[in-house]
Amino acid sequence: KKVENPVYFLREIVVSEVNFVRKCMGTVTTRDDLWGKLICTNFKVSFVTHDPSRQKFQYCNRLLGDHDVPLACVEQLVTVNDTTGKQKVLLSNRKLKFSPTELIIYCKDFRILRFRFDESGPESAKKVCLAIAHYCQPADPLLLFGFEYVGKRYDGSSGTMFLSVYLSVCVNKHVDLSARLRTPLFDCSSDWDREIKRTGASEWRVCSLNEGYAVSPSLPEHFVVPVSLADQDLRQFSCSFAGQYRHKSAVTRSHPKRSDVLQSNLDRSLPRIQDVQTSLVKLRQICVFEPYQESEDKWFSSMESSGWLENVRAFLQHSIEVVHMLEGRGMSVILQEEEDRDLSCVVSSLVQLMLDPHFRSIEGFQSLVQKEWVMAGHRFLDRCNHLKKSSKEESPLFLLFVDCVWQLMNQFPSAFEFTEIYLAVLCDSMWIPVFSTFLFNCPRQRAEHSRDFAQSRYLFLGEEKTLRFPPVWDWSQQFSHRDQALFNSPFYVGKRAAPCVQNGAVKTFKRTKKSYSSTLRGMPSMQNGMLGRHGSLPRRNSLILRFRPESPARREAPESTLDHFTRDWLSRPADPHGLLLPQLLPSHLKLWRLYFLRWVPEARIPHGGMVMALHKLSLLADEIETLQMKLRQYSGGPTPGCSSDRVTLSPEQRRMYFRGSPLPITPQQPEYLSSAFPFSPVGNLSRPEVLGTPLRKFLSGARLWLSSETLVNQTP
């Protein structure tokens, strides 16, 4: 559709807009509502207001404003007409037969935004609603905004990339460009070589047989195979990559002790991807629509019945079992999945997180996701349902994985360099369709779509095979250096961790007896006086052992090797640099409040939540860093980035977001801190007060995101 007088900014095109729109900031009163302009671009839904923002802290996304929603984040649109009582779910290329007085946007990140058109022109309101419906459901992958975002960087005549355009969002002159490239992308053989050397896996090698995707369409061009497996054999075994494994002997020969190989059938052991999606739908129902009353048993019962935490427990439990086979019994494990790479991505990543402290650093974690999800061929395009073609293919496997990571981090906070804010922002980035990380099903699809887009726009790529989409790890695309400091955890003590490779050999990650605080791991809870089947065992000399009732049946039952492995691990002090085994009792697995409840005003705790500990410890960590720098200066040692007459750290050197004062005074606690920090629930649609409005049928049923077909049939 032709647009009159298109406006370009940040490579966006304004396709429709309407003035005099009221954004509902609450449901009890209209006093706090904001007036402004609602805009639909080819990238996002934007609400522009001249009213002062209520978000007083300096945290912002360079790609999104305070009131912006990426089109890829839109789950469903509902229009309402107060006069006729009509309501309709808007779909792409569908007509709207009435003039809307209200638009409700349901977002994939659990937000609900509500806009009123009482003072707007009815035709303009209808056009902007139809434009949003059209652009949030692209009919082709090449219509995703990421292609437009990247395509503007290329000169059609020379194929060169405009560096000035690429850095247009990096407005902070202090951004360290080299730091953005530290995370390996594993799209070249050298990245895999370095990983082999880091782990000391001398019995494995990099294979480039799949260059041009000649062997497997879903595998990357470079991957790792046993040294004993020749390229000629790989051609013969190429059919094995899609299903059954027939080269177990090669894996056996790659093990230093030639141990046995265990095949773990994930399809039989773990929930189906459709079950994971169903549990998220139920969880969203509870978090978004049901009245938030955490103290009531009904709310807890509803949360448990969603099955989300049970799925989290299942994946963590299976990962522990794989760790036991690797570390406790010294075996190799093959993760087998009949179709796609979904369950194996989750389990393999969790196993490596539990075993290798390198992957608990920011750079290590990003490399883990890059090699085990992006390059391994997890179908992000389908699982995120960016094209909104089939809900049957949609499944939040990556969100489930990140929740499992949060559970680990919640139990072992000093073992992880990053914060839960980092994890939440990473999940939010799935809905910003400009990053190569979450845009494609596999590297080959990225290459094919890049060629198709280049041909359609007459772009000359030169020696490059694909368009150079920025990875999500280039955080300067979204945040300033100061805001990226929110990713750094003051709890982290992993900087002094021993390297995982010593003298060319793999260092074992068994825990050693060190004087780490036992508070790294909470004590297991008891249910009816007994530990649950999936729960971890108490530590040695625990009072729980003394008061636990004797059970003849349990006394006579032989202890499994897994129980013995877990009991032995729990009998020693927790080591943040070593093996981590999470406890899986219901009292240990928590709802990730910052992600799932951040938009619920009732759940917001002013001056409460984990951010208070983060604030206090960040001030302490910043003060320690400053004192260490001063000591190095006074002792004559070098201080990177500081001149000899300088006794303060530059802003780029300070890792913490909350920083101490140079004066001998105690910094005041910021007024904006709450359990939802750095997110604000203000402006999200609450549930209880909207009962009785025309939206009652949408908000009170058993369905969370309403079936489009059902509403179409119900609406005349």
Side-chain angles (χ1 to χ4, degrees), residues 186 204 207 210 213 215-220 223-226 229 234 237-252 254 260-280 307 310-326 331-355 359 368-385 390 392-405 437-438 440-445:
F186 294 98
W204 295 78
C207 175
N210 201 39
Y213 307 100
V215 175
S216 172
S218 60
L219 284 178
F223 53 94
V224 175
V225 298
L229 197 59
L234 281 172
F237 293 136
S238 60
C239 61
S240 301
F241 296 130
Q244 300 297 322
Y245 293 88
R246 302 174 184 173
H247 45 273
K248 290 175 59 176
S249 59
V251 177
T252 299
S254 68
D260 294 335
V261 177
L262 173 69
Q263 287 189 206
S264 177
N265 191 318
L266 302 182
D267 294 314
R268 299 177 182 175
S269 307
L270 293 171
R272 302 179 307 153
I273 63 171
Q274 293 83 3
D275 296 333
V276 176
Q277 172 68 6
T278 300
S279 67
L280 181 68
E310 187 58 37
N311 288 332
V312 169
R313 179 181 292 106
F315 277 89
L316 286 171
Q317 177 65 34
H318 194 83
S319 300
I320 291 175
E321 294 171 3
V322 174
V323 168
H324 165 239
M325 301 308 296
L326 292 169
M331 300 177 66
S332 296
V333 179
I334 294 176
L335 302 179
Q336 188 170 353
E337 199 172 355
E338 288 296 330
E339 297 180 1
D340 296 316
R341 293 173 182 86
D342 296 306
L343 312 179
S344 58
C345 293
V346 180
V347 174
S348 63
S349 301
L350 290 176
V351 168
Q352 292 175 74
L353 267 176
M354 294 179 189
L355 285 170
F359 294 124
L368 177 68
V369 174
Q370 189 68 29
K371 72 184 180 72
E372 297 297 330
W373 290 79
V374 181
M375 301 311 293
H378 178 70
R379 292 200 289 153
F380 277 109
L381 181 66
D382 294 339
R383 297 297 179 250
C384 295
N385 202 13
S390 174
K392 295 180 180 179
E393 297 291 329
E394 185 176 2
S395 185
L397 272 302
F398 188 74
L399 176 60
L400 178 77
F401 162 68
V402 175
D403 197 337
C404 291
V405 175
T437 315
F438 305 119
F440 306 101
N441 286 336
C442 61
R444 181 187 179 181
Q445 188 187 66

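Heavy-atom basis, side chains included; hydrogens, waters and symmetry copies ignored.
Partners of His318 under the ring-ring contact (aromatic ring centres under 6.0 Å, His included) rule, at least two apart in sequence or in another chain, do not exist in this structure. For Ser348, the side-chain hydrogen bond (donor to acceptor under 3.5 Å, both in side chains) partners at least two apart in sequence or on another chain are Glu372. Listed by chain and number, the residues in a side chain to side chain contact (heavy atoms under 4.5 Å, CB included) with Asp267 are Asn265, Glu337, Glu338, Leu343 (sequence neighbours excluded). Partners of Asn311 under the side-chain hydrogen bond (donor to acceptor under 3.5 Å, both in side chains) rule, at least two apart in sequence or in another chain, are Ser279. Residues passing the side-chain hydrogen bond (donor to acceptor under 3.5 Å, both in side chains) test with Thr278: none are found, sequence neighbours excluded. For Trp373, the ring-ring contact (aromatic ring centres under 6.0 Å, His included) partners two or more places apart in sequence, or in a different chain, are His378, Phe398, Phe401. Partners of Arg379 by salt bridge (charged side-chain N to carboxylate O under 4.0 Å, His left out), not counting sequence neighbours, listed by chain and number: Asp340, Asp382, Glu393. For Cys442, the side chain to side chain contact (heavy atoms under 4.5 Å, CB included) partners are Arg444, Gln445, not counting sequence neighbours. Every residue meeting the salt bridge (charged side-chain N to carboxylate O under 4.0 Å, His left out) condition with Asp275, not counting sequence neighbours, appears here in chain and number order: Arg272. Remark: Pro396 engages Val276, Gln277, Leu280, Trp308, Leu399 in a side chain to side chain contact (heavy atoms under 4.5 Å, CB included) (not counting sequence neighbours).
The shortest distance between side-chain heavy atoms of Met354 and Ser319 falls below 4.5 Å. At least one side-chain heavy atom of Val322 sits under 4.5 Å from a side-chain heavy atom of Leu335. The closest side-chain heavy-atom distance from Leu234 to Cys207 is below 4.5 Å. With a 4.5 Å cut-off on side-chain heavy atoms, Arg341 and Ser218 count as touching. For the pair Pro271/Phe315, a side-chain contact is recorded, criterion being any heavy-atom separation below 4.5 Å from C-beta on. At a threshold of 4.5 Å between non-hydrogen side-chain atoms, the residues Phe440 and Leu381 do not count as touching. The shortest distance between side-chain heavy atoms of Val346 and Leu397 falls below 4.5 Å.
Rounded to the nearest 0.5 Å, atoms CG (Asp342) and CG (Leu270) are 11.5 Å apart. Atom OG of Ser269 sits about 7.5 Å away from atom CD of Glu321, to the nearest 0.5 Å.
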side-chain contact (heavy atoms from CB on, under 4.5 Å) between Gln352 and Lys371, intermediate numbers included: CA-CA 12 Å; Gln352 292 175 74; Lys371 72 184 180 72; 2.8 Å; yes
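Nearest heavy-atom pair, Cys404 versus Leu316, reported as atom, atom and distance to 0.1 Å: CB-CD2, 3.9 Å. Of all the heavy atoms in Ser349 and Leu368, the pair that sits closest is O-CD2, 3.6 Å. Taking every heavy atom of both residues into account, Phe380 and Asn441 meet most closely at N-OD1, 3.7 Å. Looking at every heavy atom in both residues, Met375 comes nearest to Pro443 through CE-CG, 3.8 Å.
For the pair Asn210 (side chain) and Pro220 (backbone), a donor-acceptor distance under 3.5 Å is present.
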